[in-house]
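Please read through the structure below; I'll follow up with questions.
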Amino acid sequence: MPPNFAPRNDNNIPLYVVNKDALDHTLQQLEPPARAWVIASGFTAKLGQTCVIPEADGSIQTVLAGWGDAKSRNRGRFHMATIAAKLPAGDYKIESGLNQFERYEAALAWLLGSYRFDRYTEKPAIKARLVEPFGVENARVLAEAEGSFLTRDLINTPTNDMGPEQLETAFFDLAKKFKARVSSIIGDDLLRENLPLIHAVGRASDQKPRLLDMIWGDETHLKITLVGKGVCFDTGGLNIKPGSSMGLMKKDMGGAANVMGLAHMIMALGLNVRLRVLVPAVENSISAGAFRPQDVLTSRKGLTVEINNTDAEGRLVLADALAMADEESPDLLICMATLTGAARVALGPDMPPFFTDDSKLAHKIAAAAKATADPLWRLPFWDAYEGMIEPDMADLDNAPAGGMAGAITAALFLRRFVENTPQFVHLDMYGWTPTAKPGQPKGGEAQSIRAMLQVIEGFIT
Ligand code: BES
Ligand code: MN
Ligand code: ZN
C-alpha cells in the first residue's frame, strides 16, 4: 500500500500530544470525568504512552499521546510511529504540542511506520490514519514517504526476484511513471561501450551485468547526476564471503535503491533540475568466468586496477559509472553505495558517512541531515592516504592490505574517477535497519535521500 493521509472531516479524532512538563496543564483543561479517566488510566505523558478518552456513549472522544521529555526523545526519532501503532482504528488529527520540525517529523513518522513488506506473506496494516496535518508541506512529506517505500521494497526483495534483470525492470518502470528517457547497456555491449569494470564484476552471473541510465527534465536546468551501487547480490566473488557476512547481501543494491527513491522524490515533486540516474546492475557471483585476485583490469577512464580482493567489487562498478557521469561534468554528482563494512564499524548502521571536498556543500548536507531527521556524518577524503590505494603493479589497488581506514580508501578510489565535476559527494550507507525501531521496520531502509532532497531543493531556490 502506498503511504497516504486521511481526509480532514468532522469525524476526525483529536490527538493531543502532551509533553511531560505540560501534563498538569493538560489535565486542568479536561472536563472532570475525562481528567479522572486519564489519572485512573495511569497516563504520565511518558514518551509513546497513549490514553484513549471515551465519550459517555463509549465512542472515542479524544486521545492523549505522551511526548516525554527532550532527553527521552533525543534517544531516537519518529516517536509518533510508536504512538500511531498503538491507536485504535480511526482518522486522527494532531491538535497540539509540537513545534514545526516535530510536526514534520511526526507526519513523516506516521507514514513511514505504515510501511509493510507483504510481497510474500500477509501483514496486518496499520489501523490508525493521520489526517493531513496543518503547517506541514503535505505533498513533500508524501513524496518523501513514497520514495522511501520504493527504496525499502527494492532492498527487501530477495535476489531471486531482484537480480540485475528485475532491477532493470524496476528502473524502467520508474522512468515510465515520470516519462524519463531510459536505456540499458547489457552484457558484451558493456565491452563495446567501454565499461569494462562493470562487465568484469558481473560476467560470472547467469543474469548479464548492465548499466542503467535515466535522464529526466529540462536540459537547461541545473544538472544533477545520481550514481548508485546496484550489486544485486554480493557473494564476494572468488574471495567468497563467509556465510555470516553473505547473509544480508541482497541489500548490496542499496545504493541503487536509494538513488531510485531519491529520483522518485525529485520527479514526483517536479523539481527544476535536469536529472540523470546511473546504476551499474550486477551480481558479484562465482563461476569459471569470474574475475580473479591479481587480475589487472583497465577501467573506462584508462586507469588500471589490480584486483586484490574480488569482494571489493562495488568501487569497480562505480568507477566506470562515475567516469561516465563525469564526462558531462554535471553541476552536482551524488554517489550512494553500500560500499564498505568499515563505514558501519565507524558510525553504526543508522548514520552513513559522506565524503566531499567542498566544505560549503558539506555544511549544507550536515544542516539538511538535521532538518530532515536523516542522520549523516562527514568523513574526510584524506589525501595523505592516497598512497594506500597505489600498488606497484597498476595505477590503483581495489583492496589495500591491512584494511586501515577502509571507508576512506574506498572513497579515495572513487574520487580518482571524478575530475570534471565541481561538486561531488559520496555516501557509504548500510541501507538496512537491523532491529525494528519507531517508523523503521527491520529490513531495507532509505538513508540520506530526504537530506539530499533538501540539499537539491536548496540549489534551485
Ligand atoms: N558490500 C560490501 C560492503 C558491506 C558489507 C556493506 C557489509 C555493508 C555491510 C562490499 O562489497 C565489500 O565486501 N567490501 C569489503 C571491501 C574489502 C574487501 C576491501 C569490506 O568492506 O570488507
Ligand atoms: Mn563485496
Ligand atoms: Zn558489495
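All residue numbers in this chain count up from 1 along the given sequence. Just so you know, ligand 1 is whichever comes first in the structure, and atom 1 is the first atom listed for that ligand.
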**Check: Asn19/Arg73 side-chain N/O donor and acceptor closer than 3.5 Å** = yes
**Request:** Look only at interatomic distance and state if Asp311 has a nitrogen or oxygen under 3.5 Å from any nitrogen or oxygen of ligand 1.
**Result:** yes
**Item:** Of the N, O or S atoms in Glu313, the one nearest the Mn ion (ligand 2)
**Value:** OE1
**Message:** Residue-level breakdown please: for Asn309 versus ligand 1, do any non-hydrogen atoms fall below 4.0 Å on the side chain, on the backbone, on both, or on neither?
**Reply:** side chain
**Asked** Side chain, backbone, both or neither: which part of Lys229 comes within less than 4.0 Å of ligand 1 when only heavy atoms are counted?
**Response** side chain
**Request:** Would you mind checking which non-hydrogen protein atom is closest to atom 16 (C) of ligand 1, with the distance to 0.1 Å?
**Result:** Arg315 NH2, 3.7 Å
**Heteroatom N/O/S of Asp311 within less than 2.8 Å of the Mn ion (ligand 2)** = yes
**Message:** Looking only at N, O or S atoms, which one in Asp234 sits nearest to the Mn ion (ligand 2)?
**Reply:** OD2
**Item:** Rounded to 10 degrees, the angle OE2 of Glu313 makes with OD2 of Asp252 at the Zn ion (ligand 3)
**Value:** 100°
**atom 3 (C) of ligand 1 - nearest protein heavy atom and its distance** = Leu339 O, 3.5 Å
**Complete:** Filtering Ala401, Gly403, Gly341, Gly402 for the heavy atom nearest atom 21 (O) of ligand 1 leaves Gly341
**Asked** Are Glu144 and Tyr104 close enough that a side-chain donor and a side-chain acceptor fall under 3.5 Å?
**Response** yes
